[in-house]
Amino acid sequence: MHAVLLGASRGVAHYALLALLAKGWEATVLLRSGAFPAKAQPALEPYAGKVTIVKGDASSEEDVKKLFIKHVDVVITSIARTQALTSGGTPSLSLRGFVLDQPVVCARSGLVLVCVLAELRISPRVVAVSSMGIGDSHGAMPLAMRILYPLAISAPHADKEGLEYMCPRDTLREVVIVRPAFFTDGEALGPDNTKADEKLRTYTISRKEIGRWIADEAVQGDKWANKRPIVGY
């Protein structure tokens, strides 16, 4: 099995990559720098020859096309937004929360991906990492989260909403929109402690856990195909 990953230099897509490699998958990843960060390389050493790196940008159709030289079973997109910094190197804030240096990077990359798949006339499953609180999932959040999210992360949420719009279930043959709870950097607690449902009421989930969950639950099978599960503890 072969996966293409966008945003796999770190975070959720990186953990999903490691989980898939451990299951025997091969992967092609798009990296702007053309290499994984130094701290990520030791974990990848056991899988030498299983990962193909393409240097490029997810907002470029020409770069994204290079990912599909051979058959692809699933595409995982988890593009990370970064915060714009002040001259002192601290995150820039506004009355609507953190300011992003690329405010529509997720939506733009989603549009590029869909256009490339249409042009190449291929239809792998697409797993897109969005966020809890988008669209009809807002009402499922605990009250504290319903208050916090619009105040603190309105810009990232607007971008993720754009991503979901660009990956419609009536255009892609199979798409799983993963809506994680509020991210932590803790260790994965495992399947017995992880819940998923389109109306799940939850607070947090670790990035490692979402990566594991995607590899275990989202890339194959019918359970979550063309659904938008909220995933959390």
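Taking the side chain as every heavy atom from C-beta outward, V231 and T194 approach each other to under 4.5 Å. At least one side-chain heavy atom of P229 sits less than 4.5 Å from a side-chain heavy atom of V176. Counting heavy atoms from C-beta outward, I177 and E198 have side chains that stay 4.5 Å or more apart. S206 has its side chain within reach of T184: a pair of non-hydrogen atoms, C-beta onward, lies under 4.5 Å apart. The side-chain heavy atoms of M132 and T202, taken from C-beta on, include a pair separated by under 4.5 Å. Considering only heavy atoms from C-beta on, N226 comes within 4.5 Å of V175 through its side chain. Residues H2 and H71 form no side-chain contact, since every pair of their non-hydrogen atoms from C-beta on lies 4.5 Å or further apart.
Note: S60 OG to R108 CZ = 12.0 Å, rounded to the nearest 0.5 Å. How far CG of L30 is from CG of L6: 6.0 Å, rounded to the nearest 0.5 Å.
Under the 4.5 Å side-chain heavy-atom criterion for Ile, Leu, Val, Met, Phe, Trp and Tyr, V116 and V126 are members of the same hydrophobic cluster. In the hydrophobic clustering of ILVMFWY residues, with side-chain heavy atoms under 4.5 Å counting as a link, I214 and V29 come out together.
Every pair tested for ring pair (Phe, Tyr, Trp, His ring centres under 6.0 Å) that includes a residue from residues 188-207 fails, sequence neighbours excluded, so the list is empty. Residue pairs meeting the ring pair (Phe, Tyr, Trp, His ring centres under 6.0 Å) criterion with at least one partner in residues 204-233, sequence neighbours excluded, are W213-W224. Sequence neighbours left out, not one pair with a member in residues 39-65 passes ring pair (Phe, Tyr, Trp, His ring centres under 6.0 Å).
Of all non-hydrogen atoms in A225 and R125, the two that sit nearest each other are CB-NH2, 3.5 Å. Annotation for A58 and V64: closest pair O-CG2, 3.7 Å, computed over non-hydrogen atoms.
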I205 vs F182, test: side-chain contact (heavy atoms from CB on, under 4.5 Å). Steps then yes/no. CA-CA 6 Å; I205 191 76; F182 189 81; over 6 Å; no

Tell me, with the steps shown, if R207 and D185 meet side-chain contact (heavy atoms from CB on, under 4.5 Å). CA-CA 6 Å; R207 290 176 174 86; D185 290 319; 2.6 Å; yes

Please output the side-chain donor-acceptor pairs of residues 15-23 that fall under 3.5 Å, not counting sequence neighbours, one pair per line with the distance.
residue : atom : partner : partner atom : Å
K23     : NZ   : D216    : OD1          : 2.9

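Looking only at distances, no side-chain donor or acceptor of K227 sits under 3.5 Å from a matching main-chain atom of D222.
Legend: residues meeting salt bridge (charged side-chain N to carboxylate O under 4.0 Å, His left out) with K65, ordered by chain and number and at least two apart, are E62, E119. For K66, the side chain to side chain contact (heavy atoms under 4.5 Å, CB included) test picks out V54, D63, with sequence neighbours left out.
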